[in-house]
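See below for the structure under consideration.
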Number of protein chains: 2
Amino acid sequence: MLIRRNLPPFQEQWALPGGFVRIDESIDTAARRELQEETGLQDVFLEQLYTFGAIDRDPRERVVTVAYYALVNLREHALEATTDASEAAWFSISHLPSLAFDHAQIVDIAIARLKGKVRYEPIGFELLPQKFTLSQLQTLYETVLGVRLDKRNFRKKLLKMNLLVELDETQTDVAHRAARLYQFDAAKYHQLREKGFNFEI
Amino acid sequence: MLIRRNLPPFQEQWALPGGFVRIDESIDTAARRELQEETGLQDVFLEQLYTFGAIDRDPRERVVTVAYYALVNLREHALEATTDASEAAWFSISHLPSLAFDHAQIVDIAIARLKGKVRYEPIGFELLPQKFTLSQLQTLYETVLGVRLDKRNFRKKLLKMNLLVELDETQTDVAHRAARLYQFDAAKYHQLREKGFNFEI
DNA sequence: TCAAAAGTGTTTTCTGTACACCCATGC
DNA sequence: GCATGGGTGTACAGAAAACACTTTTGA
């Protein structure tokens with residue numbers, strides 16, 4: 001999700017949303033506030049990514065950026081028009097425009113983090129609606145990891161973890177056999193974690 | 001490695017070494033400089049850990065800390081007396097004194113990072129001398145991960161990776177059969193990585 | 001009736017784990 | 001000669017990987 005800058009430097013260029021930390025808020029709070037102010041996104045997975053501190057990364061003055069990344073599913077969190085930024089839009093990470101400042105580097109590091117983390121923590125579900133099909137989940141992993149997965153083996157593995165609740169519902173509005181819907185059981189995950197269980201794809 | 005503070009607040013208490021980033025240096029550079037100034041340590045593995053930004057973490061004023069962690073082997077990097085800190089000393093992480101500021105939390109996060117990272121990146125070698133025995137390596141993993149490992153399986157696994165160079169040397173000054181020494185082959189590791197190899201313990 | 005994706009088991013291969021004894025060395 | 005850690009192989013079990021066809025549905 002990028003915003004188009006309406007002020008120099010890098011005017012008219014796309015950039016990551018962001019802003020300054022206030023003296024009376026933590027940086028976690030600031031990240032959440034900025035995200036909300038610039039995109040309308042709320043109640044999403046948000047985690048500190050990395051802190052960027054090269055001396056010339058902003059041409060105006062010395063700026064240190066503590067970058068955060070959020071995971072969002074587009075169906076349940078629509079973008080709202082906001083006042084801060086002139087324009088906000090979603091991009092495919094395989095078709096990014098050129099970015100302001102060192103934001104391309106920040107995106108690279110975020111993708112690397114996601115790729116690493118998605119394999120051993122159940123954060124992939126943040127990118128899907130609450131109810132999803134196993135094929136959607138598989139496609140998600142195939143996209144993030146950049147590999148093709150075997151359908152039968154994938155289902156076997158995921159279902160054996162006992163983290164998915166099989167619902168009595170199916171997809172609607174598809175032009176083929178409707179797939180069963182599942183839900184991720186976060187409570188069960190935390191419970192299993194206590195006992196030494198490790199999520200792994 | 002902790003230093004004893006000689007100024008308030010938390011005077012006389014143990015704390016992580018640290019200091020302020022200068023306007024003309026990157027935060028990476030600042031971390032390296034502070035480490036060198038306060039402990040004499042140079043040319044060690046140093047990586048950004050996490051940025052701490054709670055509003056009241058320093059009683060004097062608002063301070064944001066970008067924490068770094070270093071991995072050091074004590075045999076090859078002796079501590080030097082320095083002027084900045086009144087005293088510097090190594091502690092076992094299982095016997096830490098109470099720490100100034102939120103440094104106990106920082107240490108906890110560093111240990112968690114090490115525990116996670118040591119399993120899928122070959123950073124454990126940073127904690128050993130260049131030449132080491134397989135038993136030393138095993139003990140290191142057992143200590144960091146907090147588990148006991150099977151000697152035969154551990155050796156089998158490590159040697160099969162082809163990342164260790166078997167030297168024509170053995171330990172000296174031990175009161176039992178001297179163990180063969182090995183070296184980690186970083187070049188080979190990077191070469192294998194290119195081909196999709198993943199280090200994993 | 002066709003297209004499109006859902007759903008389902010078995011076999012083979014590989015990897016992880018469990019396990020015990022002899023060897024070399026210094027004291 | 002004894003204490004101490006060094007060094008070695010095999011068998012079993014469980015996990016991962018390979019693989020193809022039938023079913024359901026809407027258009």
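Lettering follows sequence order; numbering is per chain, from 1. Because only heavy atoms are used, hydrogens play no part in the values below, and waters and symmetry mates are left out as well, while side chains stay in.
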Spacing of B:Tyr182 atom OH relative to D:dG6 atom C1', expressed in whole Å: 10 Å
Rounded distance (Å) that lies between atom P of D:dA27 and atom CZ of A:Arg177: 17 Å
Nucleotide D:dG6, atom C1' - distance to CZ of B:Phe154 in whole Å: 14 Å
Close side-chain approach of A:Leu74 to A:Trp90, heavy-atom, < 4.5 Å: yes
Whichever of A:Asn153 and A:Ala179 has its nearest DNA chain C nucleotide further upstream toward 5': A:Ala179
Separation of atom CD in B:Gln171 from atom C1' in D:dG7, rounded to whole Å: 13 Å
Interatomic distance, A:Arg152 CZ vs C:dA5 P [rounded to whole Å]: 18 Å
Backbone of A:Arg22 reached by a side-chain donor or acceptor of A:Glu25 within 3.5 Å: yes
Modelled atom types, side-chain donor and acceptor of A:Tyr69 and A:Glu47, under 3.5 Å: yes
Separation of D:dT8 C1' from B:Gln138 CD (nearest whole Å): 14 Å
Among D:dT10, C:dT25, D:dT8, the nucleotide that comes nearest once only the side chain of B:Arg155 is considered: D:dT8
Touch class at under 4.0 angstrom, heavy-atom based, for B:Arg180 against every strand present: sugar-phosphate
Heavy-atom side-chain contact between B:Thr29 and B:Arg32 under 4.5 Å: no
Phosphate OP1/OP2 of D:dA16 contacted by A:Lys157 side-chain N/O (<4.0 Å): yes
Backbone of A:Phe91 reached by a side-chain donor or acceptor of A:His95 within 3.5 Å: no
Pair of N/O donor and acceptor under 3.5 Å linking D:dT8 base with B:Lys156 side chain: no
Short side-chain N/O contact from B:Ser135 to OP1 or OP2 of D:dG6, under 4.0 Å: yes
First of A:His176 and A:Lys151 reached from the 5' end of DNA chain D, by closest nucleotide: A:Lys151
Atom-pair distance (CG on B:Leu159; P on D:dG7), nearest Å: 10 Å
Of B:Val174 and A:Ala175, the one whose closest DNA chain C nucleotide lies more 5': A:Ala175
A:Lys160 NZ to C:dG9 C1', straight-line distance once rounded to whole Å: 13 Å
